[in-house]
Every structure is written in C-alpha cells, then in structure tokens.
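This is the structure, below, for whatever I ask next.
Count residues from 1 along the sequence.
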Amino acid sequence: MNHLTETDARILIDDLLRQVGWDPRDKSEVGTEVPVHLTAGKEPAPDYAGRSSFGEASYHIAGRADYVLYGHTGRPLAVIEAKKNAINPYVAKQQALPYAQRLDAPFIFLTNGELIYFWDHQNDDARIVDSFYSRRDMERLIEMRQSRKPLATIDIPDYYIRQGETRQVRDYQQEAMRALDHAVELGKKRFLIELPTGTGKTDLITLYLKRLMKAGWAERVLFLVDREQLAKQALEAIQDVMGEYSSYWLRPGMVRQEKQITVTLLQTMIGCHEEYSSGYFDVVVADECHRSIYGAWQTSLTRFDALHIGLTATPANYIERNTFDFYQCKDNQPDFAYRIQDAFEGGYLTPYRFATGITEIIAEGADLNYEHYDPAQFERTWTNEKTNRLMMEEFDRLAWENYKELAPGQKDGPGKSVVFAITKHHAARLAHYLNQLHPEHKGRYAEVITSDVADADALIRRFKKETYPMVAVSVGMLDTGFDCREILHLVMCRRVRSPILYQQMRGRGTRTAPHIKKQKFVIYDFFKNHEYFNDSDTDVFSGAGGYSHAPGGPKAGPRPSDNLIDLGLEDEWLEAVNYVEVGPDGERIDKKEYVTHWEQTIKGHTDDPILQKVRNDEALTDEEEDQLARRLNTPKHFFNEENLRRAYRNPGGTLIDFIRAALGLLKLKSKDEQLEENFRAWLVARSLTPEQAEYLSLLKNRGIATGKVALEDLFSPPLSILNAAGIGVELFGEQGLRTIVDDMNNAVFKAVKG
C-alpha cells in the first residue's frame, strides 16, 4: 500500500464508489478529470456545464477535478481529490476547495484509496470516514438542511403513551433532552448518556429521536443493541412513541428495508455494515455503548458518519477510555449523567437489601487469573450437591417468609425470582433442587432459561406474564437486557468480580412495580460479591467508591479490568476454554468437534427448502429464520447462535453466517482482514490530526507483520530509518505515544487472536 501511485489509488477509489452504489462508467453519475475554470474576473467565463459567473480578480487558473459526483438533476454534489498512497489526502484541502466552490458542490472527499476524508466545507472541517457517501445520502442531507428547524421550536413533552398507559416525562429525562439540544445545536457529533438500569433510557431516547425527526435533523436512525430481548424492547418503545415513523428489526438473512428506523443487533451489523454507506444513517444510537468501542464490535458504530448517541448504565469510573474518546467527552465524564442514589431518593428505582445469615461461600482462592478461568472447573471447586441444595433451601425459606413485606400486593408467593448460576450444568442442578422443594407444581416452579432451551423467548414471556415459573435460573442470559418489574428476589450463586456486571445483575431488581406495591427487593449473595464491592443498602456501590478484598478492609480506588469488553462469564469462554457447554445438563463438547458436527449436519440437509434459500443467497422471512433456528436447536446437537459463536470463537457471527460458512459460501475473515477492519474502525473512533492518522497507519502495518506494536520496534529498522520514535514523540508526546500504542494493541491487535 505504501508504494501505490495515484493511478493505483484511482482503481481503489472506483471500487469504493461501486460499493456504495455509484457507477464510475456512467458519466451522468461520476465525472472524471472534469475541467474547472477558476475564473474570478469581471467577465463571465463558461464552466464545464456552459454556465457563467462573475468574480473580483482579473486572473484565470484552469484546473481539473479528479472526480465529480452528480445528483439526479445533474447538480454537482461532491468533488473527489485523489492522491497517491504516500500522500496524506488531508493536505489536498486547498487544492479541492476552489473546484468545489466553482462547481457549487457542497461536499468534498479527499482520499488516497486507504484513508477517506469527508469535508462539508461550508459547515465543518474534513474528518475521516469509513466510506464514500451515496448519491441519496448527499441529496437527502441537502434536503434536510433546507427544511431544518431549531430544536428549541419543538416542545419537550410532559407526558407520553407507553404500553397503553400515560407516563410522565421525568425531570432528569427533560434535562437530558435539553442537554442534547444544546450539544446538537453547537455542532457536537457524539453524545454519551449515563442512566442507571430501570430509569427509562429507551423511553428517553425514543422521545428525543421523535423531536429530531420533527425538527428535520434526522430522517434515518440506527438503533444498536447486543441482546435480542433489548431489540424487542427497543422496537416496542419506538413503535409506541414514534408510531408515525416506519421501523423494523433487521435480522440476519433479511433484505434491508428502506424504513426510517432500523433496530438491529451489534452482531448482525458487524456482518453487514459494509452494505451501507457512511452517510446512510443520520443518527446512531448504541445501547450499553461501553461494549461497542472494542475490536470488531466498533465497526458497527464507526462505519456511520452520523450523530452518535451512546447509552450506558455503567458509571464513568468503569467506562473504558476509548468510549469517552469516541463520544468526544472531556475529562472522562459523560455529557449527561444521573446518579443511582438520586434515582432511589426520587422513587424512580426500588431499593434493595441483602439477605443475612445465609451460607456464604468464600471464593477468593479462585481469583488467580480470574479473567479467563474455566467456569466448569470453578463450579467443581466451589460447589457440590450439598452446598447447591443448601443455597436453594435457604433462599426458598427466606423468600416465602418476606415476600409480603417486600410487596404487599404480591398475590402468589414468593414472587418472581432470578437465580444466577455458574454453568448450564449448575443451573440445571439448582432448578432441580427448587422443584424438589415444591413437588405440587410438577417441575414448573423453577425453569432453566439458557440458549439451549427450546424457544427461550417464549419461556421468558411466560415467566413475565404468567404465575409459573416463579423462578428463572440462568447463566448469562438474564444478566443484562432482561426487564421484569415484578422481580422481588435476586440470587447470586456465582462469583462476580466485574463491577459493571455486578451492577447490571443488581439492576434486574430495581424497576418499580406499583401494581404489586413493591417496596424493596432482596439480594441473596451466597458468594459475598457485595462485600467485595463494599455494597450495602445504606451505602450503594455505584462505581464512584472503592472496594476491598476483605470485609472491613480499607477502601481502595478500583481499577477497571484490562478486559475492554465486559460482557460477563460467557465471553471469557470465547478464547480461553476449548469446549462448548451444551444442553440442559451442560455437556462439554470440544469446540473443533462441535464445528465438525455442525458442518456435517448442514451439508447433509441441503435439500431443506430454507437452507436452499440461504445457499441461493435469498432473503429469509422472520418466520423462516425462527423456524430454522428452532429446528437446529434440537436436543441432539443444540446448534444455536450462542454456542456457534463460542465454537468458532467469533462473537460477531450470526446463524446465517455460520450456515453459509458450513456450505463453503462464506469465508470467515482472516486475521489480517479483521485487523485492517478493526484498525479503520479504531481510527475513525478517535479524534486525531491528519498527521497522527498517517503515523498510526504506518505503525499498523508493522503490527500486522509482527502481531502487535512494541515501542522497541520504533528504534529498530525499518521504523528507525523513518525516525518513527522521534516523529511519534513530536505528534503525541512521550507518555501520549505510550498510551496510543497501548490503545492500538488492546483495541486492534489484542482483539484479534490467532
């Protein structure tokens, strides 16, 4: 790439234009070497289209625009200035600007075939983008600007209808919307909101999106989540609050619909983001966004040159620095934050207390290398039949004793409960013991909810809507993205050392439920997690304080984990564990063996009509995808997305991706391809000068060759020949260079393992 000529760059540019819908052969769309008469004289001078204009000076300079992109009416939309790879395209700004002004083209692209800068030259400076804009993107942007209204002219509502009931817009929600208004009007492109679980982040953002649409600031919105339950909740909120705008859930294998609001999983967008241009969406909302600015995940965000709004329930102390960099937050603070303590005091969240006098399992001995422990080994070390049975007996007895005190309006005892287990095998044992305690319910008192359960979504709906099951026992699936306001009991039968995950698990019980007069909920913490975090009902752990490793020990400032993506125990399995745990009893199958069985099964059913549609690259309906997923997730193999992601060590894969891979139709990206893509996404996510971006591209090439970037490499050939160390210190400072190299290694190279 470092030796590409301008001609080579143009070949790449033509390909990049095709990817977003332009046809370089059609001169009504893409002009090349377009003559531009830069005339500033008193006499009118014809331009490329035979028009004329008047200037002030008396000299003439003739030039040629490398590319001009035209709209449907023939109007020039953008000028593209092409440079060879060795030249940073940003330096061509002043060469391209007179061309764009003379042609009356509102936009400029500067590129060398690797880096692309988009310049809205009448409103902003040039910035790195992931792709060119499509024709429709630019025409739409021009149209919106002509009809845009000040956000202050759109009232912030006092009430809204949600789930058939009238809800009041809370004070902090109105304050957040006013803060967003201010930022948008000032031209801030990225915004980070921190609100505790249960305080209405989704309702807030849908109300705000509605205001942006009414004011003409947005026409297309992308809503990204990382769990199917969250996708359903988001779509329900959007259709309740924004019913006048078209919306849909983009699922794997579906054809893109040209609707105004797209809800999809991060995992889905990882696989299809290149099908969209950088300007396709006007707003991108990322729920639990602290998970997204990492490796392959961030490609779902950085593809889009849009207004980005990040939502998180994670306190600032535990948000990784790259998240703040991406959302352009100063001093590592969100743009708007609402404290969990204020939510409790305002009555917007239900407070909690810890069960006392219960059996406590000391698990500190397993802290060695805890980031990648083997969950099954941990279960065998710290639990056995006696302790599992004792935990369930103690929880059950106390729950029946106190449920009326917790919620006087709760009719059936002991109220909805969630048990967090270590492994699928562990979850099955705990549910079995609970059902033994209540034989009158014939095994329906407690249910295991994991990815291997047939139609887990239906079981979750039944848990929420019906009296039984009363208890849901799960591994990972209900830790986050699960909303049931009637929960009165949370049972921690596993160790938690992630402050983010701990607060998310605790948040499953904080939602208010006036219809059962919910006053409090109880946490049964058998692994003393709350003592690790110094959490209590009188001194709520919110990430702002410290934690100690021994009860009564001195508080120390917490240090965020080196693991940038904090999704819980399941994700630790992705690289560190060589087996997949499947089925209700948690049978362990070697990952390679699981993949072999999967590929044999798919290849052996090529006559299946739905698989034939996948083979022919035809879109599936929602019903077909659901039917296929249910058929594959059978007790014989338990083939499902979650297990396949672990087996393939591919967190962004979808069921359709894995089917196509088994059929030989999809080659999963190579390590180098993943690195290149992750680097581009990481680069777009940061606020960098053109010189810094060019320098980091140089280091990236070294990292691809060696697996990471080491500071020592800067002092050895070939980088020392280029004075890489001196230039790096000049661009970033000595400590800044260390920090940026660490960031690159963590977010780009560490995220892609061989």
Shortest non-hydrogen contact from Thr197 toward Gly507:
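Taking Thr197 first and Gly507 second, the nearest heavy atoms are CG2-O, 3.6 Å.
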Shortest non-hydrogen separation from Cys329 to Pro334 and the atoms involved
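So the minimum-distance heavy-atom pair works out to SG-CA, 4.2 Å.
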With sequence neighbours excluded, what pairs up with Arg353 under the side-chain hydrogen bond (donor to acceptor under 3.5 Å, both in side chains) test?
none
Tell me, with the steps shown, if Asp158 and Gln174 meet side-chain contact (heavy atoms from CB on, under 4.5 Å).
CA-CA 8 Å; Asp158 294 318; Gln174 293 187 340; 3.2 Å; yes
Let's go through Glu486 and Lys464 carefully: what are the C-alpha distance in whole Å and the side-chain angles of both, what is the deciding distance for salt bridge (Lys or Arg N to Asp or Glu O under 4.0 Å) to 0.1 Å, and is it a yes or a no?
CA-CA 8 Å; Glu486 293 83 6; Lys464 289 181 178 183; over 6 Å; no
Non-hydrogen side-chain atoms of Val496 and Met505 separated by less than 4.5 Å
yes
Residue list, side-chain contact (heavy atoms from CB on, under 4.5 Å) with Lys404, at least two apart or on another chain:
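With sequence neighbours excluded, Lys404 shows a side-chain contact (heavy atoms from CB on, under 4.5 Å) to no residue whatsoever.
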Pair Arg170 + Glu175, salt bridge at N-O below 4.0 Å
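No, no charged N to carboxylate O under 4.0 Å.
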Taking the side chain as C-beta and beyond, is there a heavy-atom pair between Glu405 and Asn402 under 4.5 Å?
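Counting from C-beta outward, Glu405 and Asn402 do come under 4.5 Å.
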Listed by chain and number, what are the salt bridge (charged side-chain N to carboxylate O under 4.0 Å, His left out) partners of Arg511, not counting sequence neighbours?
Asp483
Just how far is it from atom CG of Leu266 to atom CG of Leu301, taken to the nearest 0.5 Å?
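Answer for the CG-CG pair, Leu266 versus Leu301, is 6.5 Å.
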Shortest non-hydrogen contact from Gly509 to Leu490?
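Smallest interatomic distance, heavy atoms only, reads N-CD1, 3.8 Å.
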With a 4.5 Å limit on heavy-atom distance, are the side chains of Tyr208 and Leu151 in contact?
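Tyr208 vs Leu151: side chains touch.
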Applying side-chain hydrogen bond (donor to acceptor under 3.5 Å, both in side chains), can you list everything that pairs with Lys517, at least two apart in sequence or on another chain?
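By the side-chain hydrogen bond (donor to acceptor under 3.5 Å, both in side chains) rule, Lys517 matches no residue at all.
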So, the side chain of Lys416 versus the backbone of Ala472: is there a donor-acceptor pair under 3.5 Å, distance only?
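The answer is no, because no donor-acceptor pair under 3.5 Å joins these two groups.
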Test of understanding: with ring pair (Phe, Tyr, Trp, His ring centres under 6.0 Å), list the residues that count as partners of His530, not counting sequence neighbours.
Phe354
Quick one: are Val491 and Phe420 in side-chain contact, heavy atoms under 4.5 Å?
no
Can the positive tip of Lys520 be found less than 6.0 Å from the middle of the six-membered ring of Tyr352, inside 45° of the ring normal?
no
Just checking, is any N or O donor in the side chain of Glu394 or Thr359 under 3.5 Å from an acceptor N or O on the other one?
yes
Looking at His515, I want to see if its NE2 is surrounded by more than 12 non-hydrogen atoms of other residues, nucleotides or ligands under 6.0 Å.
yes
Looking at every non-hydrogen atom in both residues, tell me the closest pair between Phe463 and Val471 and how far apart they are.
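Heavy atoms only, the tightest pair is CE1-C, 4.0 Å.
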Are side-chain heavy atoms of Phe521 and Leu406 found at a separation under 4.5 Å?
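A side-chain contact is absent here, since even the closest heavy-atom pair is not under 4.5 Å.
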Stepwise salt bridge (Lys or Arg N to Asp or Glu O under 4.0 Å) test for Asp287 and Arg227:
CA-CA 10 Å; Asp287 196 17; Arg227 299 284 179 103; over 6 Å; no
Thr538: which residues meet the side-chain contact (heavy atoms from CB on, under 4.5 Å) condition with it, sequence neighbours left out?
Ser536
Could you check Lys528 against Arg495 for side-chain contact (heavy atoms from CB on, under 4.5 Å), going step by step and ending with a plain yes or no?
CA-CA 8 Å; Lys528 301 172 68 172; Arg495 188 204 55 184; over 6 Å; no
His441 vs His438 aromatic rings, parallel, tilted or perpendicular, using cut-offs 30° and 60°?
tilted
Ion pair Arg211/Asp155, N-O distance below 4.0 Å
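Judged by the 4.0 Å cut-off on N to carboxylate O distance, Arg211 and Asp155 do not form a salt bridge.
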Among residues at least two apart in sequence or on other chains, which ones pass salt bridge (charged side-chain N to carboxylate O under 4.0 Å, His left out) with Glu165?
Arg167
Please determine whether side-chain contact (heavy atoms from CB on, under 4.5 Å) holds for the pair Tyr172 and Leu195, giving the CA-CA distance in whole Å, both sets of side-chain angles, and the decisive distance to 0.1 Å.
CA-CA 10 Å; Tyr172 61 85; Leu195 287 177; 4.0 Å; yes
For Gln333 and Lys330, what are the C-alpha separation, side-chain angles and deciding distance, and is it a side-chain contact (heavy atoms from CB on, under 4.5 Å)?
CA-CA 6 Å; Gln333 290 299 318; Lys330 295 180 180 178; over 6 Å; no
For His308 together with Phe191, are the ring centres under 6.0 Å from each other?
no
Within the side chain of His426, is there an N or O that forms a donor-acceptor pair under 3.5 Å with the backbone of Ile422?
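Here the side-chain-to-backbone pair exists.
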Quick check: closest heavy atoms across Ala421 and Val473, and the distance to 0.1 Å?
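Heavy atoms only, the tightest pair is CB-CG1, 4.4 Å.
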Do side-chain atoms of Ser474 reach the backbone of Ile449 as a donor and acceptor pair under 3.5 angstrom?
yes
Are the side chains of Leu349 and Ile340 in contact, using a 4.5 Å heavy-atom criterion?
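The answer is yes; the side chains approach within 4.5 Å.
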Check: Glu236 side chain, Ile238 main-chain N or O, donor-acceptor pair, under 3.5 Å
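Side chain of Glu236 to backbone of Ile238, a donor-acceptor pair under 3.5 Å: no, none is there.
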Donor-acceptor pair, side chain of Arg646 and main chain of Glu642, under 3.5 angstrom
no
Do Asn384 and Thr387 have side-chain N/O donor and acceptor atoms under 3.5 Å apart?
yes
Leu207 side chain reached by Tyr160 side chain, heavy atoms, under 4.5 Å
yes
Please enumerate all residues that pass salt bridge (charged side-chain N to carboxylate O under 4.0 Å, His left out) together with Lys189, with sequence neighbours excluded.
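Listed in chain order: nothing, the list is empty.
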Any chance you could lay out the salt bridge (Lys or Arg N to Asp or Glu O under 4.0 Å) test for Glu393 and Arg397, step after step, and finish with the verdict?
CA-CA 6 Å; Glu393 287 174 351; Arg397 174 177 56 81; over 6 Å; no
To the nearest 0.5 angstrom, please state how far the NE2 atom of His432 sits from the CD atom of Gln436.
3.5 Å
Heavy-atom distance under 4.5 Å between the side chains of Ile309 and Val284, does that happen here?
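No, every pair of side-chain atoms sits at 4.5 Å or beyond.
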Considering residues at least two apart in sequence or located in another chain, which fulfil the side-chain hydrogen bond (donor to acceptor under 3.5 Å, both in side chains) criterion with Tyr502?
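So Tyr502 forms a side-chain hydrogen bond (donor to acceptor under 3.5 Å, both in side chains) with Asp535.
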Do the side chain of Asp396 and the main chain of Met392 share a donor and acceptor less than 3.5 angstrom apart?
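Not confirmed, Asp396 side chain does not pair with Met392 backbone.
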Residues at least two apart in sequence or cross-chain that pass salt bridge (charged side-chain N to carboxylate O under 4.0 Å, His left out) with Asp240, listed by chain then number, are Arg162
Look at the rings of Phe395 and Tyr524 and say which category their plane angle falls in: under 30° parallel, 30 to 60° tilted, over 60° perpendicular.
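Correct class here is perpendicular.
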Kindly write out the residues that satisfy side-chain contact (heavy atoms from CB on, under 4.5 Å) with Glu385, not counting sequence neighbours, or none if the list is empty.
Arg389, Tyr433
Kindly give the heavy-atom pair with the smallest separation between Val448 and Ala427, and that separation in Å.
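Shortest heavy-atom contact: CG2-O, 3.7 Å.
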Report yes or no: does Thr510 contribute a side-chain atom to a donor-acceptor pair with the main-chain N or O of Arg508 at less than 3.5 Å?
no
Taking only residues two or more places apart in sequence, or in another chain, which ones meet Thr264 in a side-chain contact (heavy atoms from CB on, under 4.5 Å)?
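With sequence neighbours excluded, Thr264 shows a side-chain contact (heavy atoms from CB on, under 4.5 Å) to Leu222, Leu224, Leu250, Thr268, Met269, given in chain and number order.
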